[in-house]
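The block underneath contains the structure these notes are about, expressed in structure tokens.
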Amino acid sequence: MRLFIAIELSDEIKASLRKTQRELSAFDRAVRWVTADQMHLTLKFLGEVPDTRADDIRAATERIAQVSSPFEIAVGGCGCFPPKGRVRVVWMGVEEASGALAECNEHCESIYAEIGFERERRAFSPHLTLGRIREDKTDGRLREAVEAVQADIHRQKATEMCVVQSTLTPHGARYAIISRHSLKGGDAD
Ligand code: 2AM
């Protein structure tokens, strides 16, 4: 099974992501937009794992949740990966002022490493993927349009993290939450 760890998004944030996707609809041919049920904030991508590891992963995730504090994200600016050259991903940025999101990601890196998952080499760059590029023949117009988007800031409390199974189908990835873990750490209210 293919697994990743994520925070679910509120309907309000999903609606704001949909609005931004509509504003960029001139690029519908270049971009495969994610659907509302595919939107999430990834904490850690685990990849393909044997089904027999599901219990280990659930237990490790519960340990992470026990030491991670709830937090509030602010979703706003729009950008592209990579930062220069041909665009591969269009995203909305995620900010979290207290440091609890970065700490939660750090707990993920260290606790999943204890059970055999490689640490991510790239710095954690929290984002919400809006779309992935099929083939960018837009000569920079897509990047310009993304950088010109003026999206309102929307906030959301995150109080639980989820283990998510991803099934790749010819129509795109289907995600199913297989367990939820309440964030119980720290001194957050
Ligand atoms: P992305 O949104 O930036 O593409 C499920 O695939 C989730 O895991 C996506 O949110 C994806 O991030 C993230 N992810 C991180 N590393 C990945 C990888 N190597 N392959 C696929 N997805 C990855």
Side-chain angles (χ1 to χ4, degrees), residues 1-10 13-14 16-18 20-21 24 27 30-51 53-54 57-58 60-61 64-65 68 71 73-96 101-102 104-113 115-136 142-143 146-147 149 151 154 156 158 160-181:
M1 62 203 317
R2 188 180 165 90
L3 297 180
F4 65 97
I5 311 301
I7 303 286
E8 274 187 296
L9 300 178
S10 67
I13 294 216
K14 288 185 178 188
S16 132
L17 301 187
R18 298 295 277 174
T20 302
Q21 288 175 327
L24 294 167
F27 300 96
V31 185
R32 192 187 305 116
W33 299 111
V34 305
T35 59
D37 52 10
Q38 294 169 332
M39 293 169 172
H40 59 268
L41 168 60
T42 303
L43 290 168
K44 172 78 180 167
F45 181 72
L46 298 177
E48 200 59 44
V49 302
D51 292 4
R53 298 226 58 196
I57 291 165
R58 261 197 298 273
T61 308
I64 295 164
S68 298
F71 50 84
I73 57 171
V75 175
C78 229
C80 303
F81 286 147
K84 279 188 188 157
R86 191 177 281 233
V87 175
R88 293 179 49 208
V89 173
V90 177
W91 46 259
M92 296 279 283
V94 173
E95 293 195 4
E96 194 284 315
L101 169 58
C104 179
N105 169 257
E106 189 44 46
H107 292 311
C108 288
E109 292 299 341
S110 55
I111 292 180
Y112 294 124
I115 62 163
F117 291 94
E118 242 184 73
R119 290 183 73 98
E120 173 63 55
R121 292 192 199 102
R122 291 173 297 189
F124 180 49
S125 175
H127 64 276
L128 310 178
T129 295
L130 288 175
R132 299 184 176 85
I133 285 38
R134 301 168 200 270
E135 200 181 355
D136 187 5
L142 173 58
R143 184 182 291 281
V146 167
E147 287 170 0
V149 169
H154 291 268
Q156 175 195 328
E160 63 179 22
M161 58 194 290
C162 304
V163 180
V164 187
Q165 179 171 7
S166 164
T167 307
L168 303 177
T169 79
H171 311 289
R174 297 264 157 79
Y175 299 146
I177 293 178
I178 64 173
S179 61
R180 296 170 185 277
H181 305 266

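Order of listing sets the numbers, starting from 1, for every ligand and every atom in it. Note that the structure is a prediction, hence the values are computed from the model and not measured.
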In the protein, what heavy atom is nearest to [atom], and what distance, to one decimal place, separates them?
atom	result
atom 16 (N) of ligand 1	F45 CB, 3.5 Å
atom 3 (O) of ligand 1	H127 NE2, 2.6 Å
atom 7 (C) of ligand 1	T42 OG1, 3.5 Å
atom 1 (P) of ligand 1	T129 OG1, 3.3 Å

Next item on the list: Check the angle between the aromatic planes of F4 and Y175 and answer parallel, tilted or perpendicular using the 30° and 60° thresholds.
Entry: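 Perpendicular.
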
Next item on the list: Search all heavy atoms of L130 against all heavy atoms of Q21 and return the closest pair with its distance.
Entry: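 Closest heavy-atom pair between L130 and Q21: O-NE2, 2.8 Å.
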
Notebook entry, point to check: I57 and Y112: which non-hydrogen atoms are nearest, and at how many Å?
Noted result: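 Shortest heavy-atom separation between I57 and Y112 comes out as O-CE2, 4.3 Å.
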
Note to self: Checking contacts here: is it the side chain or the backbone of K44 that comes within 4.0 Å of ligand 1, counting heavy atoms only? Could be both or neither.
What the structure shows: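 It is neither; nothing of K44 touches ligand 1.
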
Margin query: Can you tell me which portion of Y175 lies within the under-4.0 Å heavy-atom range of ligand 1? Options are side chain, backbone, both, or neither.
Written below: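 The side chain, only.
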
Note to self: Below 4.0 Å from ligand 1: does a non-hydrogen atom of R132 turn up there or not?
What the structure shows: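 In this structure, R132 qualifies as a contact of ligand 1 - some heavy atom is under 4.0 Å.
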
Next item on the list: Provide the number and element of each atom of ligand 1 under 4.0 Å from a heavy atom of R2.
Entry: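 What qualifies from ligand 1 is 21 (C).
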
Margin query: With heavy-atom distances below 4.0 Å as the criterion, list the atoms of ligand 1 near H40.
Written below: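 Taking each heavy atom of H40 in turn, ligand 1 has 7 (C), 9 (C), 10 (O) under 4.0 Å.
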
Check: Is the CD atom of E95 crowded by more than 12 outside heavy atoms at less than 6.0 Å?
Finding: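 Counting other residues, nucleotides and ligands, CD of E95 stays at 12 neighbours or fewer.
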
Check: Does the distance from a Lys or Arg side-chain N to an Asp or Glu carboxylate O, for E120 and K44, drop under 4.0 Å?
Finding: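 No, this pair does not count.
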
Item checked: N-O pairing of E135 and R32 below 4.0 Å ->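 Here E135 does not pair with R32 in a salt bridge, since their nearest N and O are not under 4.0 Å apart.
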
Next item on the list: Quick one: pull up CD in E109 and CD in E118 and give me the separation to the nearest 0.5 Å.
Entry: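 The distance works out to 10.0 Å.
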
